[in-house]
Amino acid sequence: LKEENAILRSKINKLQILSETQADKMRKLEKKLEENKIKEEKEAQDLEAMVQHVEQNLQLMTKRAVKAENSAAKLRQENALLQAELRNSKLENEALRAGQAGLAAAKQNAEVALQHLLQVTTSSQASIRQLLSGAESLQLVADLLKSIDRISEVSEDGQ
């Protein structure tokens, strides 16, 4: 009976040691789990902040693109008006040449119209380049948002 008690005490000691070891492991795992939760929460907050920043940038770029489109439309209208004015000046110039009267005035009018047309053309080209740059920026932001969605999906699958 003493021998059996000794064996049972030995088993109890081994089980107590095993139980303490497992309790230590469990505490470590719980601590690690808590650290991971905190880390994931911070990453989620950072991601949310980044998404909000990207959305603000997207809104700003959209406003800029709309403004650039409106500006380009106005410049196209002005360009069309100046081209019509240039055509009229050329016709007037031809009529004056035919009549040999007032050639210098018509030439000056055509030159002024040409200068206006060149200014509008230069301005229109700059606005169109700005519009294209804005469109490229919007495409970049859209690609970034797609990437963020993929990151979110991977995070959800990983949980």
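In what follows, residues are counted from 1 in the order of the sequence shown.
Scored by the side-chain hydrogen bond (donor to acceptor under 3.5 Å, both in side chains) test, Lys42 finds Asp46 as partners (sequence neighbours excluded).
More than 12 non-hydrogen atoms from other residues, nucleotides or ligands lie less than 6.0 angstrom from CD of Glu35. Summarising the local packing, CD of Glu4 is surrounded by 12 or fewer heavy atoms from other residues, nucleotides or ligands at distances under 6.0 Å.
Following chains of ILVMFWY side-chain contacts shorter than 4.5 Å, one cannot reach Leu140 starting from Val54, and the two form parts of different hydrophobic clusters. Placement of Leu91 and Leu86 in two distinct hydrophobic clusters is found when ILVMFWY residues are connected by side-chain heavy-atom separations under 4.5 Å, directly or transitively.
As a member of the Ile/Leu/Val/Met/Phe/Trp/Tyr network built from side-chain separations under 4.5 Å, Leu81 groups with nothing else and remains a singleton. Connectivity analysis of hydrophobic side chains (ILVMFWY, heavy atoms under 4.5 Å, direct or indirect) links Leu60 to nothing; its cluster partners are none.
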Which atom pairs, one a donor and one an acceptor, fall under 3.5 Å between side chains of residues 62-78 and the rest of the protein, sequence neighbours left out?
unit_1	atom_1	unit_2	atom_2	d
Thr62	OG1	Leu58	O	2.7
Asn70	ND2	Val66	O	3.4

Review item, side-chain donor-acceptor pairs of residues 15-27, under 3.5 Å, at least two apart:
unit_1	atom_1	unit_2	atom_2	d
Thr21	OG1	Ile17	O	2.8
Asp24	OD1	Arg27	NH2	2.1

Acceptor/donor pairs from residues 121-139 side chains to any protein atom, 3.5 angstrom cut, sequence neighbours excluded:
unit_1	atom_1	unit_2	atom_2	d
Thr121	OG1	Leu117	O	2.7
Thr122	OG1	Leu118	O	2.9
Ser124	OG	Val120	O	2.8
Ser127	OG	Ser123	O	3.3
Ser137	OG	Ser133	O	3.2
Gln139	NE2	Asp143	OD1	3.1

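Note that the CG atom of Leu29 and the NZ atom of Lys31 stand 12.0 Å from one another [nearest 0.5 Å]. The structure places CG of Leu145 at 10.0 Å from CG of Asn57, a figure rounded to the nearest 0.5 Å. With rounding to the nearest 0.5 angstrom, the CD atom of Glu85 is 8.5 Å from the CG atom of Asn109. Remark: Gln45 CD to Met50 CE distance equals 14.0 Å, nearest 0.5 Å. Gln119 contributes atom CD, which lies 12.0 Å from atom CG of Asn79 (distance to the nearest 0.5 angstrom).
With hydrogens and angles ignored, the 3.5 Å screen pairs no side-chain donor or acceptor of Ser10 with any backbone N or O of Ala6.
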Item to check | Verdict with reasoning, Gln115 to Glu111, per side chain to side chain donor-acceptor pair (under 3.5 Å) | outcome: CA-CA 6 Å; Gln115 292 303 320; Glu111 183 65 27; 2.9 Å; yes
